[in-house]
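Right, one structure below, let's go through it.
Read the numbers this way: they start at 1 and go in the same order the structure lists the ligands and their atoms. No experiment lies behind these values; they were computed from the predicted model shown. We use all heavy atoms of the structure for the numbers below, so side chains are in, but hydrogens, waters and symmetry mates are not.
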Amino acid sequence: MSEPTSAYKGPERVFSGVQPTGNLHLGNYLGAIRKFVNLQHEMECIFCVVDMHAITMWQDPKELRAQTLEIAAAYVAAGIDPEKAIIFNQSAVSGHAELAWIFNCVARMGWLNRMTQFKDKAGKDKERASVGLFVYPNLMAADILLYKATHVPVGDDQKQHLELTRDIAVKFNNEFDVENFFPQPEPLIKGAGARVMSLRDGAAKMSKSDPSDLSRINLTDDPEAIAKKIKKARTDPEPLPETSDELKARPEAENLVNIYAALAGTASEDVLTAYAGQGFGVFKPALADLAVEVLSPITAEMRRLQGDPAFLEKIMTKGSERAERIATPILRDVKRVVGFL
Ligand code: AMP
Ligand code: TRP
């Protein structure tokens with residue numbers, strides 16, 4: 001386990017979040033949720049459903065509620081034990097919003113202007129983006145630092161936001177002259193599933209908002225849908241090579257090999273050792289079988305849990321109480337440091 005770089009002395013703690021914005025996909029699973037499952041045995045873990053982040057883009061209230069429960073179901077179905085790790089929704093602990101306001105006053109316009117995800121999500125007409133979408137990285141920093149989390153498992157697309165979180169922590173500590181008050185949280189990104197690409201375009205990441213459902217494998221897809229999407233995935237006519245270096249100029253092929261490796265828990269090189277010289281006519285069905293084998297039990301358990309919303313709500317209520325207990329003394333200290341009466 002990598003150590004936070006500062007001389008921070010507090011306990012190790014994991015925080016991460018997933019937005020309840022629909023279409024939970026293989027990238028979310030391999031880049032984030034699967035890592036959560038392993039980490040819960042290593043340190044104290046807090047896994048949030050970030051509903052306040054979701055509303056930075058318009059969400060239908062009824063769907064937001066259903067999707068919040070869906071993420072909770074996915075967490076539990078993937079193997080997170082709610083008795084061990086804390087599972088809750090962000091808006092249930094008001095400290096996230098309170099600390100985010102303070103960080104709005106710590107972070108600089110110039111820092112946020114550099115965030116590439118805002119540029120991607122706001123699209124061409126930035127004047128019409130919500131202000132929340134612009135300051136979203138400050139809320140993310142607040143999520144993490146409200147618990148003084150030291151480790152943050154995320155996919156590669158969140159790297160820049162984590163750097164901003166570290167900058168906010170350092171600036172707060174320096175300006176208020178409280179050395180090592182906030183840790184500089186360590187991103188946990190590495191691994192085969194850190195950047196799962198679209199099945200239709202090897203240059204775009206697999207995403208919840210891609211209009212083409214063929215671009216992603218949803219955690220709610222049945223085995224037929226998974227097999228169909230992998231069969232239709234864009235590739236090239238060449239057989240698989242012997243080394244990963246030879247995949248560099250073939251992003252779609254590289255993506256499928258990486259997905260196989262991530263699902264199998266091996267290195268891409270091992271996948272190539274097994275399949276070098278084979279075409280996609282052989283490789284795709286093998287990948288589809290593996291994807292179904294890994295994902296089907298999770299999908300089935302998700303469906304079962306979604307049939308019992310009262311159970312999921314109970315988990316979240318208990319989780320938010322536990323989260324609040326950690327956050328309350330930290331927020332009290334922050335307010336004192338800032339000079340609030
Ligand atoms: P989001 O869908 O934005 O709520 O993302 C939830 C988590 O999944 C974050 O840790 C992301 O970095 C991760 N994630 C999202 N898309 C991908 C992807 N295509 N590959 C790997 N990780 C991803
Ligand atoms: N911004 C993250 C995403 O879009 C979700 C998120 C919100 C998060 N707060 C977080 C992730 C805190 C890690 C830690 O995927």
Side-chain angles (χ1 to χ4, degrees), residues 13-36 39 45-57 59 64 67-68 70-71 74-75 78 86 88-91 93 96-97 99-100 103 115-118 120-121 132-133 135-166 168-169 183 185-210 215-219 251 255 258-259 261-263 323:
R13 188 174 282 145
V14 171
F15 184 97
S16 195
V18 176
Q19 300 197 46
T21 43
N23 298 328
L24 205 55
H25 55 73
L26 184 65
N28 297 132
Y29 177 65
L30 294 175
I33 299 174
R34 193 182 53 170
K35 288 188 209 149
F36 302 174
L39 282 164
C45 285
I46 307 173
F47 299 124
C48 191
V49 185
V50 287
D51 48 6
M52 289 161 66
H53 275 92
I55 63 162
T56 55
M57 313 273 276
Q59 303 298 323
L64 180 62
Q67 284 162 2
T68 299
E70 179 172 296
I71 306 285
Y75 281 170
I86 296 175
F88 78 110
N89 62 309
Q90 185 183 28
S91 61
V93 177
H96 291 258
L99 188 57
F103 287 172
M115 295 294 116
T116 57
Q117 197 178 67
F118 174 76
D120 293 344
K121 284 199 172 182
L133 188 66
V135 293
Y136 152 127
N138 295 341
L139 177 60
M140 177 161 163
D143 297 339
I144 297 165
L145 296 174
L146 182 61
Y147 304 96
K148 296 192 173 178
T150 51
H151 295 81
V152 184
V154 278
D156 183 71
D157 60 343
Q158 297 302 312
K159 203 170 165 184
Q160 196 183 33
H161 292 158
L162 252 298
E163 279 159 16
L164 185 97
T165 301
R166 293 164 65 95
I168 288 176
E186 200 68 36
L188 303 175
I189 295 178
K190 287 196 187 68
R195 193 165 175 79
V196 177
M197 307 309 282
S198 157
L199 298 181
R200 306 297 301 165
D201 175 2
K205 66 168 189 171
M206 187 176 284
S207 125
K208 288 170 175 165
S209 56
D210 193 316
S215 70
R216 69 183 154 258
I217 293 173
N218 301 304
L219 288 194
N255 187 38
N258 282 346
I259 291 175
L263 286 168

Taking non-hydrogen atoms only, is M197 closer than 4.0 angstrom to ligand 1 via side chain, backbone, both or neither?
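The answer is neither.
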Below a 4.0 angstrom heavy-atom separation, can you tell me which part of S207, side chain or backbone, both or neither, approaches ligand 1?
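Neither; no heavy atom under 4.0 Å.
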Is the closest basic N to carboxylate O distance between D210 and R216 below 4.0 Å?
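No, D210 and R216 are not salt-bridged.
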Any N/O pair [X]/ligand 1 closer than 3.5 Å:
X    : answer
Q19  : yes
K205 : no
D156 : no
S16  : no
G155 : yes
P153 : no
G17  : no

Which atom pair, heavy atoms only, marks the closest approach of [X] to [Y]?
X    : Y    : result
F15  : P153 : O-CD, 3.7 Å
G193 : A262 : N-CB, 3.9 Å
N255 : R195 : OD1-O, 4.5 Å
L99  : L145 : CD2-C, 4.0 Å
A323 : V93  : CB-CG2, 4.1 Å
G17  : V50  : CA-CG1, 4.2 Å

Please list, in number order, the atoms of ligand 2 under 4.0 Å from a heavy atom of V154.
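So the atoms of ligand 2 that pass are 11 (C), 13 (C).
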V50 neighbourhood, listing ligand 2 atoms whose heavy-atom distance to it stays under 4.0 Å:
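Listed by number with element: 7 (C), 9 (N).
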Nearest non-hydrogen protein atom, [atom]:
atom                    : result
atom 20 (N) of ligand 1 : V196 N, 2.9 Å
atom 23 (C) of ligand 1 : G27 O, 3.4 Å
atom 12 (C) of ligand 2 : F15 CE2, 3.5 Å
atom 9 (N) of ligand 2  : D143 OD2, 2.7 Å
atom 1 (N) of ligand 2  : Y136 OH, 2.5 Å
atom 15 (O) of ligand 2 : Q158 NE2, 3.4 Å
atom 6 (C) of ligand 2  : G17 O, 3.8 Å

For atom 5 (O) of ligand 1, which of V18, N28, L24 has the closest heavy atom?
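Nearest option to atom 5 (O) of ligand 1, by heavy atoms: N28.
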Which one of D157, V152, V154 has a non-hydrogen atom at the shortest distance from atom 11 (C) of ligand 1?
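Among D157, V152, V154, the closest heavy atom to atom 11 (C) of ligand 1 comes from D157.
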Heavy-atom side-chain proximity of [X] to [Y] below 4.5 angstrom:
X    : Y    : answer
V154 : L162 : yes
I86  : Y147 : no
Q59  : P20  : no
S215 : M206 : no
V196 : I217 : no
I189 : K159 : yes
D157 : K205 : yes

Is [X] in polar range of ligand 2, meaning some N or O pair under 3.5 Å apart?
X    : value
Q117 : no
S16  : no
Q19  : yes

State the atoms of ligand 1, each with its element, that fall below the 4.0 Å cut-off from a heavy-atom position in [X].
X    : result
H25  : 16 (N), 17 (C)
A32  : 7 (C), 8 (O), 10 (O)
G31  : 21 (C), 22 (N)
M206 : 16 (N), 18 (C), 19 (N)
R195 : 20 (N), 21 (C)
Q158 : 12 (O)
A194 : 20 (N), 21 (C), 22 (N)
K208 : 1 (P), 2 (O), 4 (O)

Please report the C-alpha distance between Q67 and Q19 in whole Å, then the side-chain angles of each, then the deciding distance to 0.1 Å, and finally whether the side-chain contact (heavy atoms from CB on, under 4.5 Å) criterion is met.
CA-CA 9 Å; Q67 284 162 2; Q19 300 197 46; over 6 Å; no
Side chain, backbone, both or neither: which part of V152 comes within less than 4.0 Å of ligand 2 when only heavy atoms are counted?
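Looking at V152 and ligand 2, just side chain atoms fall under 4.0 Å.
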What part of I144 sits under 4.0 Å from ligand 2 if we count only heavy atoms: the side chain, the backbone, both or neither?
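Looking at I144 and ligand 2, just side chain atoms fall under 4.0 Å.
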Between H53 and Y136, how do the two ring planes meet: parallel, tilted or perpendicular, split at 30° and 60°?
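H53 vs Y136 ring planes: perpendicular.
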Test your reading of the model: is there a side-chain donor-acceptor pair from Q90 to the backbone of H96, 3.5 Å cut-off?
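Looks like no, no N/O pair under 3.5 Å.
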N/O donor-acceptor pair under 3.5 Å between D51 side chain and N89 backbone
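Here the side-chain-to-backbone pair does not exist.
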Taking atom NZ as the centre, does K208 end up with more than 12 heavy-atom neighbours from other residues, nucleotides or ligands that are less than 6.0 angstrom away?
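Result for NZ/K208: enclosed.
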Strictly under 4.0 Å, does any heavy atom of H53 approach an atom of ligand 1?
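So H53 does not count as touching ligand 1.
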